[in-house]
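Below: one structure, written as structure tokens.
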Amino acid sequence: MNNAQIAAVLDEVADLLEIQAANPFRVRAYRNGARTVRELSEPAATILCTAGRKLTEFKGIGSDLADKIAALCQTGSMPLHQELLAQIPVSVLTLMRVPGVGPKKAAALNKELGISTLDELRAACQAGRVRKLKGFGEKTEQTILAGMELAGSVNQRLTWAEVDGFAQSLMTHLRACPSIAELEPAGSYRRGRDSVADLDLLVVSSNPAEVMDRLAAFAAVETLLGRGDTKMSVRLAGGLQVDLRVVPAESFGAAWQYFTGSKDHNVELRSRAKSRGLKINEYGVFRGDQYVAGRTEEEVYATLDLPWFPPELREARQEFAWADAGQLPKLIETGDMQGDLHMHTTATDGRASLAEMVAAAQDRGLKYIAITDHSKRVSMANGLDATRLRAQWAEIDRLNKSLRGLVVLKGVEVDILEKGGLDLEDDVLAEADWVVASLHYGQQQPREQITRRIVDALANPHVCAIAHPTGRLINRRKPYDVDLDAVFRAARQHGKFLELNSHPQRLDLDDVACAAAKSHGIPIVISTDAHGVEGLDKLRFGILQARRGGLTKADVVNTRPWAQVKKLLRDRRAT
DNA sequence: GCCGTTTTCGGCCCGACTGTTTTCAGTCG
């Protein structure tokens with residue numbers, strides 16, 4: 001049983017306990033445990049089998065949870081989980097996906113009306129039976145019906161890049177308000193999460209009503225979800241929820257910190273404040289009733305002797321431990337990048353020619369690029385066989401003679417075949433400057449098979465890196481069932497790199513996997529996988545993800561000049 | 001159920017808004 005599966009069971013136990021109105025701190029303990037397991041850099045099962053190691057060495061897992069996880073790994077099920085499932089149909093949990101329905105209402109609906117599915121809930125609302133329940137009313141019934149429309153259609157997270165589009169145009173729209181003194185995005189968007197459920201905007205204004213009216217007038221606004229004196233929520237066409245908060249200037253830093261989150265980061269921060277006799281809320285830091293700080297984020301953190309944290313790190317993972325040790329990493333920045341080692345041309349499925357990609361790379365100030373078109377197995381993309389590939393490389397050789405300031409590398413994205421092995425012969429690969437291997441077919445294969453294919457590819461002496469190592473497409477396709485821990489170990493053993501693909505729908509390795517790869521000592525390559533000139537601008541999405549993984553300039557291969565990348569590959573293979 | 005420079009018990013972050021309430025519970029972030 002892998003970490004994701006263990007975490008899913010723990011999360012479901014938390015949900016079920018919540019419906020049973022269990023001690024909320026007990027519920028939180030299961031959620032924290034789930035999160036800890038999900039973010040472990042190695043399989044829990046491995047730790048359990050290793051002498052001298054215990055799961056309790058990780059924050060959030062005590063002896064009780066450690067025992068339950070051990071039982072889960074050994075037997076495939078957890079007695080508490082099974083008991084709860086016998087009491088509450090698992091489908092009741094889906095009721096909580098409807099906005100406005102939390103654990104209490106879901107429990108009441110199930111207990112009083114015997115409702116356990118969304119269809120039953122819809123029917124009961126339409127029949128007017130829900131409004132008769134204590135604590136429910138006509139409004140609630142309407143909210144539930146409206147919320148169910150949503151849950152079925154648009155209630156999914158958007159990619160960061162999609163939200164960025166809305167955020168930029170909405171902020172431009174709002175800035176027309178003369179009373180706005182500050183306007184900043186917060187929430188998971190500011191933290192750079194690869195997908196974002198809603199957009200939080202923070203405003204300092206002498207006239208909150210004017211700002212809210214202006215938001216209501218934004219063309220994409222579809223529904224007004226709520227509006228108070230300081231807070232307003234709307235839903236945009238396409239489903240994105242926007243939450244606007246207006247705060248006084250002396251609270252701006254505290255509010256920005258608070259609304260940026262994450263929730264867990266804030267819990268840790270406030271708990272630290274409490275232990276010092278301070279209280280932190282969105283209005284500031286207080287000792288008793290006395291305002292201590294709050295105008296800037298730096299000020300808020302400084303009251304706890306903490307440094308300002310880059311938003312990407314605020315996930316209550318390592319950042320507090322790093323700060324306590326005075327070792328907060330200096331995160332990689334877009335300007336650190338020197339080259340791009342994964343892109344396509346019209347020779348396969350790209351939309352721009354070799355010459356156009358080269359010109360675009362020069363425009364963007366890149367020092368080197370690798371042209372890595374697909375190999376022949378990817379027939380849909382008109383993949384290259386040895387002959388066509390060598391012809392492209394000859395063209396690159398000619399091109400390089402006339403280029404100044406940019407080196408074009410002879411590369412290929414060689415397919416990892418379904419039955420294992422690579423799509424091109426070793427003698428061909430040996431002529432390349434840069435080889436990335438990736439799999440496009442047989443993505444549904446069982447874990448052992450997929451893992452074996454990737455691990456074997458890493459063992460090939462000509463392969464430099466594995467591209468998009470999990471194959472996930474955010475909101476569209478789950479990652480392959482691959483044992484990433486085994487991939488990390490193989491990459492380390494053979495001195496290879498792993499790619500962080502910057503395409504906003506891919507972004508794999510994800511943030512947690514980046515951090516895990518780093519802990520295994522594996523250098524990361526951040527690539528655009530550009531299929532056109534505009535694709536070269538997607539690097540910033542990959543950088544954001546890398547920052548979330550805590551990566552520095554030194555952790556990323558292509559912040560170095562090409563000569564150093566080559567040397568790094570050589571040196572690592574030698575050891 | 002977890003955790004510990006208040007250390008094995010007694011805490012566990014904090015507030016806005018809504019709807020159903022007549023003083024507050026539930027939900028959300």
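All chains are named by letter (A, B, ...) in the order of the sequence lines, taking the proteins before the strands, and each is independently numbered beginning at 1.
The side chain of A/S271 has B/dC13 as its nearest neighbour among B/dC13, B/dG29, B/dC2. The listed nucleotides are B/dG29, B/dG1, B/dC3; the one nearest the side chain of A/Q241 is B/dG29. The listed nucleotides are B/dC13, B/dC2, B/dG26; the one nearest the side chain of A/R28 is B/dC13. Looking at the side chain of A/D200, the nearest of the listed nucleotides B/dG1, B/dG29, B/dT27 is B/dG29.
Taking CG from A/L65 and OG1 from A/T56, the interatomic distance works out to 11.0 Å, rounded to the nearest 0.5 Å.
Toward the 5′ end of DNA chain B lies the nearest nucleotide of A/K59, the other residue of the pair A/K104 and A/K59 mapping further downstream.
Summarising the geometry, the separation between CD on A/E268 and C1' on B/dC3 is reported as 12 Å, rounded to the nearest angstrom. In this structure, the CG atom of A/L17 is 15 Å from the C1' atom of B/dC2, given to the nearest Å. To the nearest angstrom, C1' of B/dC13 lies 13 Å from CZ of A/F259. Here B/dC2 presents its P atom at 16 Å from CG of A/D264, a figure rounded to the nearest Å. The distance between atom CZ of A/R31 and atom C1' of B/dC2, rounded to the nearest whole Å, is 16 Å. Computed from coordinates, the A/D64 CG to B/dC3 C1' distance equals 14 Å when rounded to whole Å. Regarding A/I19, its CD1 atom lies at a distance of 14 Å from the C1' atom of B/dT27, rounded to whole Å. Across the protein-nucleic acid pair, A/R235 atom CZ and B/dC28 atom P stand 12 Å apart, rounded to whole Å.
Across B/dG29 and B/dC13, the matching C1' atoms stand 12 Å from one another, rounded to whole Å. Taking atom C1' in both B/dT23 and B/dT18, one finds a spacing of 15 Å when rounded to whole Å. One C1' atom belongs to B/dC28, the other to B/dT22, and the distance between them is 24 Å to the nearest Å. B/dT8 sits 16 Å from B/dC3 when the P atoms are compared, rounded to a whole Å. Comparing B/dG1 with B/dT6, their P atoms are spaced 27 Å from each other, to the whole Å. Taking the C1' atom of each, B/dG11 and B/dA16 are spaced 25 Å apart, rounded to whole Å. Distance noted for atom P between B/dT20 and B/dG15: 26 Å (whole Å).
Applying the 3.5 Å distance criterion, the base of B/dG1 shares a donor-acceptor pair with the side chain of A/N23.
With both pairing distances under 3.5 Å, B/dG19 is matched to B/dC24 as a Watson-Crick or G-U wobble pair.
Sorted by first then second residue, the side-chain hydrogen bond (donor to acceptor under 3.5 Å, both in side chains) pairs that include residues 279-290 of chain A, not counting sequence neighbours, are A/R245-A/E282.
Between the A/S91 side chain and the A/S116 main chain, a donor and an acceptor come within less than 3.5 Å of each other. Counting only distance, with no hydrogens or angles, the side chain of A/E312 and the backbone of A/R547 share no donor-acceptor pair below 3.5 Å.
Considering A/R131, A/R129, A/R122 in turn, A/R131 is the only one that fulfils the salt bridge (charged side-chain N to carboxylate O under 4.0 Å, His left out) rule with A/E141. The only option from A/E297, A/E268, A/E319 that meets the salt bridge (charged side-chain N to carboxylate O under 4.0 Å, His left out) definition with A/R314 turns out to be A/E297.
Residue contacts for A/P103: at a heavy-atom cut-off of 4.0 Å it reaches the sugar-phosphate backbone alone, with no base atom in range. Using a 4.0 Å heavy-atom distance criterion, A/I61 is classed as a sugar-phosphate-only contact.
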Q: Using a 4.0 Å cut-off on protein heavy atoms (strictly under), produce a 5'-to-3' string for nucleotides 14-22 of chain B with B for base contact, S for backbone-only sugar-phosphate contact, and - for none.
A: BSSSSSS--
Q) After noting the C-alpha distance and the side-chain angles of A/K105 and A/L133, does the key distance pass the side chain to side chain contact (heavy atoms under 4.5 Å, CB included) rule? A) CA-CA 10 Å; A/K105 286 200 161 70; A/L133 290 181; over 6 Å; no
Q | Worked verdict on A/R190 versus A/F259 for side chain to side chain contact (heavy atoms under 4.5 Å, CB included) | A | CA-CA 10 Å; A/R190 184 176 178 224; A/F259 288 111; over 6 Å; no
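Using a 4.0 Å cut-off between charged side-chain N and carboxylate O, A/R489 and A/E42 make no salt bridge.
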